[in-house]
Structures are given as structure tokens and as C-alpha cells.
> 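Could you have a look at this structure, given as C-alpha cells, before my questions?
Atoms within each ligand, like the ligands themselves, are counted from 1 in listed order.
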Amino acid sequence: MMRYTGLKLAVLACLVGGLAAAQSMNNISTLRATDPPEDEMPPRMRPFVDTDLREARNYPEQPPLIPHDVEGYEVSRNYNKCLSCHARAATGRSQAPMVSVTHYIDRHGQVLASVSPRRYFCNQCHVPQRPDEPMVTNTFIDIDTLLTMPRE
Ligand code: HEC
Ligand code: HEC
């Protein structure tokens, strides 16, 4: 009998512990904080930036942003719309900048004849832009700005 009581107490302790944990998880703040969702619809997204002008990179390794519209461009196992302009052989006709040589290098450092599988899905790294206000502000500052800031 005593053994069972002990067991029940242990189960109860676990339950109470679990509840406390669930309670404290509710205190984790979300991006929306405690505000209820707004009734009105968010503003419609504007079309892609299509200036054809290069955007400055924020750090040297940054994949360049796409300065043109990519609506409906297929990148699948069967077809890669991006490569129809950016592949080595296509650039004469398209006048698009060629994907750099890193896109032809596989993970063993071997330069291949065609774009390496790990660089095939362009949108993994390259993104177009829309001229919308960001939903979440970004506090990133680049290294040049950082170096000119007064030290604390
Ligand atoms: C019809 C041809 C064409 C297609 C298709 C195309 N591009 Fe482009 N892309 C260009 C041209 C031309 C430029 C040079 C800037 C300009 O004129 O827009 C460019 C510029 C870029 C740049 C900027 C390069 C830099 O150095 O700043 C990136 C990144 C890029 N494209 C990625 C893509 C990706 C990813 C896709 C597929 C989703 C794609 N492009 C599809 C023609 C094309
Ligand atoms: C794994 C990330 C990644 C993927 C996937 C990728 N890129 Fe890039 N891309 C980069 C980075 C990083 C750079 C800049 C440094 C470099 O050239 O490696 C770049 C540079 C470029 C440039 C500019 C080249 C130059 O000389 O100025 C073009 C154009 C480009 N990529 C197009 C593409 C296209 C088209 C695809 C799909 C076939 C693609 N990229 C896939 C990361 C990626």
C-alpha cells in the first residue's frame, strides 16, 4: 500500500512540474508580443525590384541580390530558368553576368563542366527584393560603418 502511495506522489510531482514548465513557456515573448492580431489585412506586397542595378553587398561573401523580376521562373529537376541566361554558354546571348567559377566547383574542390549540384538551386542563396517596409526592423551594420563608430 505504501509503495503505491509513493508512486502516486511521484506521478503527481511530475504533473505539477510539467504544468509549471508549461506556464513558464507561456511567458516567452513572441514577435507580436501580447498584442492581438490586427483585424485589418496587412498591406499588399509590391512587385519585385526590377531596376537592373546591382545592389551593394553588405559583406564580401554575400550572394548578390537579384536586381530583376523572377516571377514564375522555374528552377526544378527538369529546367533551370536562371541558367538559361547566367550559364557560361548563355551569357553572350543574354548579356547576363556569368555565375562565378565557385558555382562550378564541387565539394571536393573539383571544377566541373557544368554548374555544381550544390549551386543548382539559385534561390537558396540569391533573393529578389520587394520595396516594402520590413515587418521586422534589421539592425545589421556593415564593417565599414562599424570601424568608424566611436569606441565605448
Ligand atoms: C532573361 C535572362 C535572365 C534570367 C532568366 C535570369 N537573369 Fe539574373 N540577370 C540577368 C541580367 C541581364 C542581369 C544583369 C543586371 C540586369 O540587367 O538585370 C542579371 C543579374 C542577376 C544578379 C546580380 C549579379 C550581381 O553581380 O549583382 C543575380 C544574383 C541574378 N541575376 C540571379 C538570377 C537568378 C537566381 C535567376 C533565376 C531565378 C535569374 N537571375 C534569372 C538576366 C537574367
Ligand atoms: C550556396 C549558395 C549559392 C547558390 C546555390 C548559388 N549562388 Fe550565385 N553566388 C553565391 C555567392 C556567395 C556569390 C558571390 C561570391 C562568389 O562568386 O562565389 C555568388 C555570385 C553569383 C553571381 C555574380 C557573379 C559575379 O561574378 O559577379 C551570379 C550572377 C550568380 N551568383 C548567379 C547564380 C545562379 C544563376 C545560381 C543558380 C544556378 C546561383 N548563383 C546559385 C552563392 C550562391
Side-chain angles (χ1 to χ4, degrees), residues 13-152:
C14 284
L15 279 177
V16 171
L19 270 180
Q23 201 73 48
S24 69
M25 265 169 67
N26 282 342
N27 294 338
I28 294 174
S29 71
T30 62
L31 286 176
R32 183 159 51 79
T34 53
D35 300 339
E38 308 218 352
D39 286 339
E40 58 194 85
M41 294 284 284
R44 288 178 78 94
M45 285 197 292
R46 292 199 271 160
F48 288 125
V49 168
D50 198 18
T51 54
D52 294 349
L53 297 175
R54 286 186 176 185
E55 293 283 337
R57 299 189 206 181
N58 294 309
Y59 49 95
E61 314 93 317
Q62 185 191 340
L65 296 171
I66 307 175
H68 57 70
D69 198 344
V70 291
E71 191 76 59
Y73 282 8
E74 179 179 344
V75 179
S76 70
R77 191 169 65 110
N78 304 323
Y79 187 63
N80 188 319
K81 175 76 175 166
C82 314
L83 287 178
S84 73
C85 290
H86 287 282
R88 179 192 60 79
T91 52
R93 177 182 43 78
S94 66
Q95 291 298 301
M98 189 189 97
V99 292
S100 61
V101 70
T102 56
H103 295 60
Y104 290 86
I105 298 175
D106 72 6
R107 60 178 165 164
H108 304 297
Q110 188 76 38
V111 183
L112 310 177
S114 54
V115 165
S116 165
R118 61 181 187 159
R119 290 282 171 111
Y120 184 82
F121 293 101
C122 320
N123 305 96
Q124 261 175 275
C125 304
H126 298 282
V127 287
Q129 300 290 291
R130 293 181 191 269
D132 294 316
E133 282 299 311
M135 304 285 263
V136 180
T137 47
N138 186 342
T139 53
F140 179 87
I141 44 174
D142 77 351
I143 188 68
D144 296 342
T145 316
L146 191 69
L147 290 175
T148 56
M149 280 164 73
R151 294 208 183 170
E152 309 245 323

> Find all atoms of ligand 2 within a distance of less than 4.0 Å from any non-hydrogen atom belonging to L83, and give their numbers and elements.
38 (C)

> What class does the angle between the rings of H86 and H68 fall in, given that below 30° is parallel, 30 to 60° is tilted and above 60° is perpendicular?
parallel

> Output the list of atoms in ligand 1 that are nearer than 4.0 Å to some heavy atom of K81, sorted by atom number.
5 (C)

> Please report the closest heavy-atom contact between P128 and F48, naming both atoms and the distance.
CG-CE2, 3.4 Å

> Any N/O/S atom of H86 sitting less than 2.8 Å from atom 8 (Fe) of ligand 1, backbone or side chain?
yes

> Quick one: which ligand 2 atoms are inside 4.0 Å of a heavy atom on R118?
5 (C)

> For atom 15 (C) of ligand 1, grab the closest protein heavy atom and report residue, atom and distance to one decimal in Å.
D52 O, 3.7 Å

> If you count the atoms of ligand 2 from 1 in the order shown, which ones are under 4.0 Å from a heavy atom of Y120?
37 (C), 38 (C)

> Taking N, O or S atoms only and a limit of 2.8 Å, check whether C85 reaches atom 8 (Fe) of ligand 1.
no

> If you have a sec, work out which protein heavy atom is nearest atom 28 (C) of ligand 2 and how many Å separate them, to one decimal?
V99 CA, 4.1 Å

> To the nearest 0.5 angstrom, please state how far the OG atom of S116 sits from the NE2 atom of H108.
9.5 Å

> Verify the neighbour count for atom CD of E74: are there more than 12 heavy atoms of other residues, nucleotides or ligands below 6.0 Å?
yes

> Out of C125, S100, P97, A87, whose heavy atom is nearest to atom 26 (O) of ligand 2?
S100

> Is there a nitrogen or oxygen of Y73 sitting under 3.5 Å from a nitrogen or oxygen of ligand 1?
no

> List ligand 1 atoms under 4.0 Å from V70, heavy atoms only on the residue side.
38 (C)

> Between P47 and P131, which heavy-atom pair has the shortest distance, and what is it?
O-CD, 3.2 Å

> How close does the nearest protein non-hydrogen atom get to atom 41 (C) of ligand 2, and which residue and atom is it?
R119 O, 3.2 Å

> Which residue holds the protein heavy atom closest to atom 23 (C) of ligand 1, what is that atom called, and what is the gap in Å?
P67 CD, 3.5 Å

> Quick one: closest heavy-atom pair of S84 and Y79, and the distance?
CB-OH, 3.6 Å

> Closest non-hydrogen protein atom to atom 24 (C) of ligand 2, residue and atom name please, with distance?
M98 O, 3.5 Å

> Give the minimum heavy-atom separation between P64 and H126, together with the two atoms involved.
O-ND1, 2.8 Å

> Rounded at 0.5 Å granularity, tell me how far SG in C82 sits from CZ in R119.
13.5 Å

> How far apart are the closest heavy atoms of M98 and A87, and which atoms are they?
CG-C, 4.4 Å

> Can you tell me which residue and heavy atom of the protein come closest to atom 42 (C) of ligand 1, and the distance to 0.1 Å?
A96 CB, 3.6 Å

> Considering heavy atoms of the protein only, find what lies nearest to atom 19 (C) of ligand 2 and give residue, atom and distance to 0.1 Å.
H103 CE1, 3.3 Å

> Answer with side chain, backbone, both or neither: which part of H126 has a heavy atom less than 4.0 angstrom from an atom of ligand 2?
side chain

> State the OG1-CG distance between T51 and D69, to the nearest 0.5 angstrom.
11.0 Å

> Verify side chain to side chain contact (heavy atoms under 4.5 Å, CB included) between Q110 and L112, making sure each step is shown before the conclusion.
CA-CA 6 Å; Q110 188 76 38; L112 310 177; 4.3 Å; yes

> Show me which atoms of ligand 2 lie under 4.0 Å from any heavy atom of F121.
5 (C)

> Given P64, C122, P63, which has its nearest heavy atom closest to atom 22 (C) of ligand 2?
P64

> Can you tell me the protein heavy atom closest to atom 18 (O) of ligand 2 and the distance?
T102 OG1, 2.5 Å

> If every non-hydrogen atom of T91 is compared with every non-hydrogen atom of A96, which pair is closest and at what distance?
CG2-O, 3.2 Å

> May I ask whether L65 has any heavy atom positioned less than 4.0 angstrom from an atom of ligand 1?
yes

> Checking a contact table here: which protein heavy atom is nearest atom 27 (O) of ligand 2, and how many Å away?
R57 NH2, 3.8 Å

> Between R93, H68, E55, flag the one that comes closest to atom 39 (C) of ligand 1 by a heavy atom.
H68

> Please examine the side chains of N80 and F121, heavy atoms only from C-beta on, and report whether any two atoms are closer than 4.5 Å.
no

> What residue and atom, counting heavy atoms only, is the protein's closest point to atom 12 (C) of ligand 2, and at what distance?
E61 O, 3.4 Å

> Identify which one of L65, D50, I66 satisfies the side-chain contact (heavy atoms from CB on, under 4.5 Å) criterion when paired with Q129.
L65

> Looking at non-hydrogen atoms alone, which of S94, C82, A90 comes nearest to atom 34 (C) of ligand 1?
C82

> Enter the distance from R88:CZ to Y104:OH here, rounded to the nearest 0.5 Å.
6.5 Å

